[in-house]
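Note on naming: letters A, B, ... go to the chains in the order of the sequence lines (proteins, then strands), and numbering restarts at 1 for each one. Every heavy atom of this structure was used, including side-chain atoms; hydrogens, water molecules and symmetry mates were not.
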Amino acid sequence: MPARTAKTESAACTAVSFWLVKQEPATYSFAQFQKEKVTAWTGVRNFQARNNLRAMKKGDAVLYYHSNDDRAIVGLAEVVKTAYPDPTATEGDWSCVDLKAIRAFAKPLALTQIKTDAALKNIVLIRQSRLSVMPVTPAEFVRILKLTGD
DNA sequence: GCCAACGTTGGC
DNA sequence: GCCAACGTTGGC
């Protein structure tokens with residue numbers, strides 16, 4: 001195999017996208033996720049969120065947001081398996097992906113901080129507060145990592 | 001507990 | 001195809 005091919009493939013693999021998933025900590029906290037290490041992200045029943053799940057690639061980075069009680073971005077995960085039929089769906093065309101927990105952030109980033117940060121003013125988390133799976137721009141991702149102490 | 005945002009459903 | 005009614009999510 002020519003070296004050029006391997007190089008191209010490796011470049012494609014490193015071109016990750018960034019996402020954010022939302023979950024109520026009372027339902028499935030990041031701590032629980034870390035204990036299980038890998039989890040199937042099932043139960044999404046919203047077309048926009050589903051389409052985002054389907055756009056995820058293996059190796060993409062996923063921020064983990066706790067809604068309700070915490071209201072903070074608390075950890076980082078990665079996509080380990082791309083979209084496949086959601087086994088918890090009894091009807092309809094729904095998908096899920098497999099996510100692996102990477103680490104909890106040293107300093108969780110509170111929603112209140114996100115709202116006051118100029119670099120994050122257009123983040124989908126704020127613009128579309130009800131969406132549970134959403135894209136994050138590279139600039140936003142870098143900014144969030146900085147604010148979480150990573 | 002309230003309310004705003006927004007997605008879905010069903011009548012017309 | 002429009003729109004009112006209703007249900008859900010999630011911040012406050």
Any [X] side-chain nitrogen or oxygen under 4.0 Å from OP1 or OP2 of [N]:
| X | N | result |
| --- | --- | --- |
| A:Y65 | C:dT9 | no |
| A:K22 | C:dG10 | yes |
| A:K115 | C:dC12 | yes |

Mind calculating the distance between [atom1] ([X]) and [atom2] ([N]) to the nearest angstrom?
| X | N | atom1 | atom2 | result |
| --- | --- | --- | --- | --- |
| A:R130 | B:dA4 | CZ | P | 14 Å |
| A:Q128 | C:dT8 | CD | C1' | 15 Å |
| A:R50 | B:dT8 | CZ | P | 10 Å |
| A:I114 | C:dC12 | CD1 | P | 11 Å |
| A:M134 | B:dG7 | CE | C1' | 15 Å |
| A:Q48 | B:dA5 | CD | P | 17 Å |
| A:D69 | C:dC12 | CG | C1' | 13 Å |
| A:L131 | B:dA4 | CG | P | 21 Å |

For the residue pair A:K81 and A:Y84, would you count it as a cation-pi contact if the rule is NZ or CZ under 6.0 angstrom from the ring centre and within 45 degrees of the ring axis? yes
Test ring pair (Phe, Tyr, Trp, His ring centres under 6.0 Å) on A:W94 and A:F47 and set out the steps. CA-CA 8 Å; A:W94 302 109; A:F47 290 108; 5.0 Å; yes
Look at the rings of A:Y64 and A:W41 and say which category their plane angle falls in: under 30° parallel, 30 to 60° tilted, over 60° perpendicular.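 The arrangement is perpendicular - the two ring planes meet at more than 60°.
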Minimum-distance nucleotide (side-chain atoms of A:N46 versus C:dC12, B:dG7, C:dG10):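 Taking heavy atoms from C-beta onward, the closest nucleotide is B:dG7.
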Look at the side chain of A:D86 and the backbone N and O of A:G43, then say whether any donor-acceptor pair between them is shorter than 3.5 Å.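 Judged by distance alone, yes, a pair lies under 3.5 Å.
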